[in-house]
Protein chains: 2
Amino acid sequence: MKMDIKDLVLDEHTAAHVAELFRAFSDTSRVQILSVLVQSEQNVGGLAQNLGISESAISHHLRWLRQMRLVKSRRQGKEVYYLVDDPHIIALFQQGVDHVQKER
Amino acid sequence: MKMDIKDLVLDEHTAAHVAELFRAFSDTSRVQILSVLVQSEQNVGGLAQNLGISESAISHHLRWLRQMRLVKSRRQGKEVYYLVDDPHIIALFQQGVDHVQKER
DNA sequence: TTAACATCTGCATATATGTTCAAATGTTGT
DNA sequence: ACAACATTTGAACATATATGCAGATGTTAA
């Protein structure tokens with residue numbers, strides 16, 4: 001029997017989801033945000049202050065990450081704390097960071 | 001001594017590189033292309049035919065991936081064969097695919 | 001050198017995306 | 001209820017990105 005290339009290709013629907021997942025890590029600001037949230041819980045203002053990005057921009061990114069279910073949020077008083085708690089996501093992200101840092 | 005959040009944040013330069021790496025996997029067409037090239041060598045025409053994407057579009061993507069050093073190319077006659085041969089990249093990609101496929 | 005085929009390239013363009021701004025919403029303490 | 005603070009939201013805008021098209025380049029066989 002013969003091996004068909006089409007059997008190797010991800011169907012478009014799955015591929016779109018994979019692309020969407022990786023898109024979460026494809027922006028400099030989001031990478032910086034996630035580099036914190038994979039290690040410790042943090043609120044919007046704290047992130048904005050430490051990353052030098054506006055609170056609004058941070059919030060937009062977090063909304064996106066929340067809709068993708070990549071971060072969890074918890075309100076404590078006026079503040080909302082975010083974190084990444086999925087070990088697979090953390091591992092995936094860290095692997096990308098490691099690969100970049102190994103290249104020098 | 002106290003733990004500063006700034007110590008957790010990836011510097012902008014590194015973050016930009018990480019984002020760039022993940023951007024390679026952040027487009028549906030590229031994901032489909034890579035889903036083949038992580039498993040077997042393939043040429044431009046073959047990819048175009050099996051993915052239903054124009055040869056020009058495929059070539060544009062491959063140029064990008066080549067510049068990122070994520071794929072290797074080898075010319076055999078008129079055809080140019082591409083593949084992904086870095087085990088870390090393959091693992092990273094596969095991990096993303098696995099995560100999506102586990103979610104159903 | 002031609003012809004035929006495969007791939008690549010630059011440009012144009014439509015769409016997607018990140019950020020800012022201003023205003024809205026939510027929360028706490030007075 | 002009000003003021004003060006934190007976060008969210010939607011609209012507008014500027015930039016980035018994917019793709020098609022037309023032509024250029026590379027390769028082989030005659």
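Both backbone and side-chain heavy atoms feed into the values below; hydrogens, waters and symmetry mates do not. What you are looking at is a predicted structure, and each value in this text was computed from that prediction instead of being measured.
Between Ser35(A) and Phe93(A) there is a side-chain heavy-atom pair separated by less than 4.5 Å. Side chains of Thr14(A) and Val31(B) form no contact here, defined as non-hydrogen atoms less than 4.5 Å apart. When side chains are defined from C-beta on, Val71(B) does not count as touching Leu83(B), because their heavy atoms never get closer than 4.5 Å. Side-chain contact between Gln101(A) and Leu10(B) is present, with heavy atoms from C-beta onward closer than 4.5 Å.
Residue Arg30(B) places at least one side-chain N or O under 4.0 Å from the OP1 or OP2 atom of dA18(D). A sub-4.0 Å separation between OP1 or OP2 of dT19(C) and a side-chain N or O of His61(A) is present. An OP1 or OP2 oxygen of dT19(C) is reached within less than 4.0 angstrom by a side-chain nitrogen or oxygen of Ser29(A).
Aromatic ring pairs are classed by plane angle as parallel below 30°, tilted from 30° to 60° and perpendicular above 60°; the pair His88(B) and His99(A) is tilted.
Phe25(A) places its CZ atom 14 Å from the P atom of dG18(C), with the value rounded to the nearest Å. Rounded to a whole Å, the CZ atom of Arg74(A) is 15 Å from the C1' atom of dT27(C). Across the protein-nucleic acid pair, Ile33(A) atom CD1 and dG18(C) atom C1' stand 11 Å apart, rounded to whole Å. For the pair Gln76(A) CD and dC5(D) P, the interatomic distance rounds to 19 Å; values are reported in whole Å.
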Protein-to-nucleotide contact annotation, 5' to 3' order, nucleotides 4-11 of chain C [B base; S sugar-phosphate only; - none; under 4.0 Å, heavy atom]: -BSBBBB-
